[in-house]
Amino acid sequence: MGAVDIVIASNRGPVGFRRDADGSLHAARGAGGLVSGMAGLSADRATLWVCSALSDTDREVAAEAPDRRLDLAGHDTGGAVEMLPVDEATFAGAYNTISNSTLWFLHHELLDSLPANAFDDAWRRDWSSYADYNRAFADAIVEAAADEARVLVQDYHLTLLPAMLRSRRPDLRIAHFSHTPWAGPSVFETLPADIARDLLLGMLGADSVGFHSRRWAQDFFACCVAVLGAEDDGGDVRYDGRLTTVRTHPLGVDAEPLLARAAEPDVDAKRAERATEIGDRQAIVRVDRTEPSKNIVRGLAAYRELLTRFPEHRDRVVQLAVAYPSRQEVEEYRHYTHDIEELTAAINAEFETPSWTPVVVTIHDDYPLSLATLQLGDIQLINPVRDGMNLVAKEAALLSRDGVLVLSREAGAADQMGEDALLVDPFDIGATATALHEALMMPPDERARRHAGLVAAATVLSPHEWLQHQLDSLA
């Protein structure tokens with residue numbers, strides 16, 4: 001494969017590798033809409049996915065590949081992949097300290113979770129690692145991209161990359177897409193002034209920047225005006241003579257493969273197990289990562305208040321949660337996981353009976369169990385403090401029979417699903433308990449009407465269409 005016409009750049013790639021005890025190599029296709037979207041790229045276009053080699057086995061496989069590129073035709077990703085063997089110290093500083101302990105908390109406006117040593121000399125050294133990490137991607141893309149190639153940069157790990165590419169390859173057409181929210185100016189300016197400028201200037205190296213929600217796009221635009229003094233050009237950003245368009249591409253669910261996966265035997269087995277746990281009760285369900293922004297603890301607190309204020313639901317409802325351990329190398333995430341376990345135990349100690357366990361929380365990576373849980377939910381509780389989109393809300397609508405969605409108004413998904421969901425303030429535990437009661441008592445005809453609207457909203461922009469929108473923004 002020579003120079004490529006389309007490049008996708010992201011921290012995590014479309015495939016990961018592992019070795020069994022006998023040394024045999026296995027590849028697993030990555031999850032998520034980005035992988036599904038790339039699989040839809042037509043085979044007659046030269047495409048390359050540039051990502052990090054995240055494991056030792058990834059690094060081994062990448063080192064053995066001709067020209068560092070892996071042909072992934074057999075993995076249904078629509079092109080080749082180049083895994084970058086970034087050294088561990090650089091990756092740790094870029095990924096753990098800057099991306100996940102600073103930018104992620106910042107954009108979710110969880111300032112209380114910023115590390116105590118944020119912005120000290122050690123943090124500045126990690127910022128240099130973040131710049132080096134972005135530069136490694138720039139080096140690979142500059143070498144691989146054909147003249148006037150289109151480059152789709154993904155997420156907050158790579159905010160400096162567009163400007164790096166622009167300075168070295170002005171012929172490239174560059175888009176950046178943020179999967180998280182974007183912090184408003186009052187929060188964004190918590191960053192040191194030079195870092196805030198560098199981040200925005202990095203993004204404005206792109207021809208187009210995209211977000212899941214117009215709210216996040218407006219916050220980005222407001223930051224450019226407040227920090228850089230950029231000009232408003234019809235809702236787009238003009239700075240230093242260049243125009244960067246600001247677009248909204250709200251990712252939807254690829255319904256056919258999701259429903260097909262949910263019909264496989266391993267999901268059937270998990271569904272039978274869950275049905276036994278539920279019995280003849282109604283089920284409030286949720287599937288999340290153990291991240292502070294997902295607001296699992298307040299969701300549990302709302303369920304506890306439901307059982308306190310509306311005792312008629314005791315032994316007639318059960319809450320089932322599948323929580324994927326997330327970023328456990330970051331202290332704040334470990335503490336949050338502990339808080340989930342502690343409150344779960346407290347609720348069960350207060351309300352359980354010999355025949356009824358009120359809450360069952362599984363802190364384990366189990367995709368078949370997640371699908372089965374969403375299928376059996378009478379109510380889906382999704383109450384993030386702030387979320388770029390939250391695809392689980394859309395997956396839950398497709399998988400459930402007639403589930404009622406209790407949804408945080410601060411999720412990007414509320415833009416499309418708010419009319420048919422029960423919207424809640426993620427900080428208002430009492431109002432969330434009331435919404436759960438309303439959902440449990442909702443008449444069947446209203447459930448069916450709302451569910452039909454949720455299903456329609458969930459598939460409005462499929463992953464392939466979403467990716468094509470980003471490409472079209474560079475026309």
Side-chain angles (χ1 to χ4, degrees), residues 5-10 33-34 37-38 40-41 45 47 103 107 134 137-138 141 145-185 188 196-252 388-389 412 415-416 460-475:
D5 299 322
I6 298 172
V7 180
I8 291 182
S10 65
L34 185 57
M38 184 153 178
L41 289 177
R45 291 188 288 196
T47 64
L103 298 181
H107 287 313
N134 279 249
F137 277 78
I141 294 169
D147 291 345
E148 299 184 353
R150 287 178 286 182
V151 182
L152 306 182
V153 182
Q154 303 296 311
D155 228 358
Y156 59 100
H157 314 88
L158 298 171
T159 51
L160 302 181
L161 179 55
M164 290 177 175
L165 293 173
R166 177 69 54 207
S167 66
R168 296 171 62 181
R169 287 286 303 274
D171 62 298
L172 297 177
R173 292 171 289 169
I174 306 164
H176 186 286
F177 189 87
S178 292
H179 293 264
T180 63
W182 191 272
F188 188 77
R197 286 182 58 85
D198 285 350
L199 283 170
L200 293 174
L201 292 174
M203 294 279 283
L204 293 181
D207 299 287
S208 179
V209 295
F211 302 87
H212 285 301
S213 169
R214 190 62 192 165
R215 288 174 287 169
W216 319 142
Q218 289 169 341
D219 282 340
F220 171 78
F221 175 85
C223 287
C224 291
V225 173
V227 175
L228 301 176
E231 299 175 21
D232 179 353
D233 193 323
D236 298 324
V237 178
R238 185 172 294 279
Y239 182 74
D240 198 24
R242 286 196 73 255
L243 181 70
T244 298
T245 63
V246 182
R247 297 287 180 262
T248 302
H249 312 298
L251 176 63
M389 171 53 71
D415 292 3
Q416 295 91 47
V460 165
L461 196 66
S462 72
H464 172 61
E465 293 169 321
W466 169 78
L467 191 64
Q468 189 62 50
H469 275 210
Q470 293 180 62
L471 291 170
D472 292 345
S473 72
L474 300 177

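Using a 4.5 Å heavy-atom threshold, the side chains of Asp236 and Arg247 count as touching. Two residues are said to be in side-chain contact when any heavy atoms from C-beta on lie closer than 4.5 Å; Arg197 and Leu228 meet this criterion. You'll find the side chain of Gln154 reaches within 4.5 Å of the side chain of His179, heavy atoms only. Side-chain contact between Phe188 and Asp219 is absent, with no heavy atoms from C-beta onward closer than 4.5 Å. When side chains are defined from C-beta on, Met164 counts as touching Asn134, because their heavy atoms get closer than 4.5 Å. Looking at Leu467 and Ile8, their side chains come closer than 4.5 Å, going by heavy atoms from C-beta outward. Side-chain contact check for Leu161 versus Ile174: every heavy-atom pair is 4.5 Å or farther apart. Counting only heavy atoms from C-beta outward, the side chains of Ser178 and His107 never approach each other to under 4.5 Å.
For Leu461, the side chain to side chain contact (heavy atoms under 4.5 Å, CB included) partners are His249, Pro250, Glu465, Trp466, His469, not counting sequence neighbours. Considering only residues two or more places apart in sequence or on other chains, Asp147 meets the side-chain hydrogen bond (donor to acceptor under 3.5 Å, both in side chains) condition with none of them. Shown here are the side-chain hydrogen bond (donor to acceptor under 3.5 Å, both in side chains) partners of Thr245, two or more places apart in sequence or in another chain: Ser208. In terms of the side-chain hydrogen bond (donor to acceptor under 3.5 Å, both in side chains) criterion, Arg173 has no residue partners (sequence neighbours excluded). For the side chain to side chain contact (heavy atoms under 4.5 Å, CB included) test, residues two or more places apart in sequence or in another chain that qualify with Arg238 are Glu231, Asp233, Leu243.
Side-chain N or O atoms of His212 include none that pairs as donor or acceptor with a backbone N or O of Thr248 at under 3.5 Å. In terms of modelled atom types and a separation under 3.5 Å, the side chain of Arg166 and the main chain of Leu172 share a donor-acceptor contact.
Of the inter-residue distances, the one linking His176 atom NE2 with Leu158 atom CG reads 6.5 Å to the nearest 0.5 angstrom. Atom CG of residue Leu165 and atom CD1 of residue Ile141 lie 5.0 Å apart, to the nearest 0.5 angstrom. The line from CG of Leu152 to CG of Leu471 is 5.0 Å long, rounded to the nearest 0.5 Å. For the atom pair CG of Leu204 and CG of Asp240, the computed distance is 10.0 Å after rounding to the nearest 0.5 Å. Atom CG of Asp207 sits about 7.0 Å away from atom OG1 of Thr244, to the nearest 0.5 Å. A distance of 9.0 Å separates CG in Leu251 from CD in Gln470, rounded to the nearest 0.5 Å.
The shortest non-hydrogen separation linking Ala230 to Val225 is O-CG2, 3.7 Å. Closest of all the heavy-atom pairs between Ala226 and Pro185 is CB-CB, 4.1 Å. Of all the heavy atoms in Gly388 and Pro181, the pair that sits closest is N-CD, 3.4 Å. When all heavy atoms of Phe137 and Ala9 are compared, the pair lying nearest together is CD2-CB, 4.1 Å. Pairing each heavy atom of Phe211 with each of Val209, the nearest pair is CE1-CG2, 4.0 Å. Pairing each heavy atom of Pro463 with each of Gly252, the nearest pair is CD-O, 3.7 Å.
Trp182 pairs in a ring-ring contact (aromatic ring centres under 6.0 Å, His included) with only one of the listed residues (Phe177, Trp216, Phe220), which is Phe220.
Within the structure, every pair that satisfies the salt bridge (charged side-chain N to carboxylate O under 4.0 Å, His left out) test and touches residues 208-218, not counting sequence neighbours, is listed here: Arg215-Asp415.
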Arg169 vs Asp171, salt bridge (Lys or Arg N to Asp or Glu O under 4.0 Å): CA-CA, chis, key distance, verdict: CA-CA 5 Å; Arg169 287 286 303 274; Asp171 62 298; 2.8 Å; yes
